[in-house]
Amino acid sequence: MKENRKLQTIDGYLTTAYLLCLFAYLFSQIITEFHRTVWITIALYLMLGIGAIAGICKLIRWREYIHSKYGIVVILLLASYLFSIFMNYRYAFSTNIKHWIILTLAIIISYFYAGTENINKNIYLGIRILISVMNICVIISIIQLLMGYGKIEFYEYYHMKSGFIENRLWGVFIDPNHGSVLSVIVCYLCIYTIEKSNTVLKKLYYGFTIIIQMMYIAFSDSRTAQVCIAVSMTVYVLGIGLKKIRKKKFVDKCLVIVASCSIGVCCALLPKAIQTGYNTIIDVANLERKVNIEVCGEVQENVIEQIESSEGRIIKRTYDLEEDVSNQRFDIWKSGIEIFCKSPIYGVTLFGAREFAKKYVPNTYILRDKVYFSQFHNEVLDVAVAQGIIGVAIFVLMAILFIVYIIKNFVKEEQNYMAYLTGITVLLCICVKMMFQQGVMYMYNPDMEIFWMTLSYLVANIHMAEKNNNKKSYMSE
């Protein structure tokens with residue numbers, strides 16, 4: 001008994017240490033200054049080393065972890081990915097295997113649970129760390145905007161942008177969509193934390209966090225973040241409203257739905273209102289001077305021309321919308337479908353998609369000059385290309401099972417209702433982003449860890465509550 005308790009304690013500490021290293025590794029992947037630095041290598045080896053030991057501990061305690069809800073479906077999804085890798089061993093086999101190992105460790109350690117104690121501790125520790133790190137990143141980004149500083153670097157086949165460039169704020173992030181969606185998530189976490197805070201100072205801190213995160217969302221001019229806000233805020237307000245009028249008439253519920261949609265749309269328009277106010281101030285104060293752009297490497301001429309055509313410090317992102325409202329996404333999705341159709345059963349693996357395309361669909365969009373895309377800006381399409389019909393079927397089944405299970409139990413929850421609603425809203429933000437960008441399977445960014453940890457938190461707490469209720473019912477009989 002003592003040995004089991006000792007192993008459980010060691011497992012808990014190792015899991016926490018691994019999750020911290022995983023966060024450091026994934027977050028550094030979306031920060032420009034860490035790109036291709038030794039920091040990422042250090043974080044990677046720490047993560048893999050601790051993850052391997054933590055994985056061994058979980059294997060020893062497999063009888064406790066095997067009861068994780070729908071764990072077998074998650075394992076099948078990972079097995080499908082491995083199957084696709086071996087069936088496509090000719091295409092980027094080494095890269096695919098490395099990614100599969102990283103992904104498998106991340107999902108198994110982040111999702112699988114033996115109880116709720118460690119999960120709850122890790123989730124609340126993660127919330128504090130994410131809020132603090134995002135505050136630092138956003139403050140630095142806003143300073144870059146105020147200084148009128150931008151930077152563009154060329155790496156082999158792609159460009160890395162940072163600061164204020166092309167009339168939008170990239171800041172410290174390699175893609176403003178990554179930063180802005182994380183900002184949306186942080187806002188919801190702050191709203192929840194404000195309700196739980198017992199001091200005015202804490203409430204002020206989290207209120208300040210919401211303000212600066214909204215500023216970044218506005219200055220980054222991210223349409224993905226705006227869609228996230230519209231959808232997630234509608235669901236968030238709807239969840240609160242329907243809870244309060246659960247026993248009211250049908251007409252009242254319809255009014256709540258209409259009000260929720262209206263609030264969601266208004267909140268999505270808030271970043272545009274902030275942009276308008278900022279642009280007005282820039283215009284009135286006559287601050288429309290050009291931004292100081294630092295250029296490193298052999299940047300392509302069309303990119304230079306694009307930067308030079310920017311209109312000072314105002315927020316106005318129109319260069320990529322005038323001729324193509326999807327900003328190349330329709331063409332990228334078409335490429336994904338073309339590749340999928342050539343190997344529909346078990347896919348071609350995502351990191352081998354370009355090699356496969358060169359052989360079977362050489363004229364597809366992602367292989368054209370001045371274009372480099374290795375993923376397809378839609379998670380379902382990524383799974384289809386990478387793992388074929390087999391992978392998509394498991395992925396969709398997993399999504400349906402988790403959605404039904406969480407929603408069915410969420411509506412009956414009383415004590416942890418707001419915690420669950422916040423968790424559902426966070427997952428929804430990531431899922432909306434997955435429709436337009438890489439998501440939780442093939443992209444190294446914090447979304448992966450946030451998604452699987454939040455899913456684990458919701459499922460584990462609901463599952464354990466069910467077990468406890470069943471025990472009480474059994475004992476009362």
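- Contact between I450 and T454 at its shortest, heavy atoms only, is O-OG1, 2.6 Å.
- No side-chain heavy atom of Y91 sits under 4.5 Å from any side-chain heavy atom of N96.
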Check your understanding: Where do Y278 and F219 land on the ring-ring contact (aromatic ring centres under 6.0 Å, His included) test, with the steps shown first?
Key -> CA-CA 9 Å; Y278 167 82; F219 297 148; 5.0 Å; yes
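- For the residue pair N88 / T349, no side-chain donor-acceptor distance below 3.5 Å is found, with atom types taken as modelled.
- Residues forming a salt bridge (charged side-chain N to carboxylate O under 4.0 Å, His left out) with K272 (at least two apart in sequence, or on another chain): D221.
- Across every non-hydrogen atom of I210 and C190, the tightest pair is CG1-CB, 3.6 Å.
- With ring centers used as reference points, Y442 lies under 6.0 Å from Y81.
- By the 6.0 Å contact criterion, NZ on K342 is open, its count of non-hydrogen atoms from other residues, nucleotides or ligands being 12 or less.
- For F93 and Y89, the distance between ring centers is not under 6.0 angstrom.
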Exercise for review: Kindly determine whether F173 and Y216 satisfy ring-ring contact (aromatic ring centres under 6.0 Å, His included), including the steps that lead there.
Suggested key: CA-CA 11 Å; F173 302 101; Y216 180 79; 5.4 Å; yes
Exercise for review: Show your working on side-chain contact (heavy atoms from CB on, under 4.5 Å) between I102 and L44 and close with a plain yes or no.
Suggested key: CA-CA 9 Å; I102 292 171; L44 172 63; 3.9 Å; yes
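- Across all non-hydrogen atoms, the minimal contact from G51 to I109 is O-CD1, 3.7 Å.
- For the side-chain contact (heavy atoms from CB on, under 4.5 Å) with I217, the lone residue among S222, C228, P176, S183 that qualifies is S183.
- Applying the side-chain hydrogen bond (donor to acceptor under 3.5 Å, both in side chains) test to pairs two or more places apart or on separate chains, those with a residue in residues 11-27 are D11-T15, D11-K58, D11-R61, D11-Y65, T15-K58, T16-N122, Y25-Q29.
- The two residues C429 and V181 come nearest to each other via the heavy atoms O-CG1, 4.3 Å.
- When all heavy atoms of S141 and L169 are compared, the pair lying nearest together is O-CD1, 3.4 Å.
- Proximity of L182 to D447: side-chain heavy atoms (C-beta onward) are separated by under 4.5 Å at one or more points.
- Other residues, nucleotides and ligands contribute more than 12 heavy atoms inside 6.0 Å of the CD atom of E195.
- Of the inter-residue distances, the one linking M147 atom CE with F164 atom CZ reads 14.0 Å to the nearest 0.5 angstrom.
- You'll find the ring centres of Y360 and F356 inside the 6.0 Å limit.
- The shortest heavy-atom contact between Q387 and L77 is NE2-O, 3.2 Å.
- Centroid-to-centroid, the aromatic rings of F402 and Y111 come within less than 6.0 Å.
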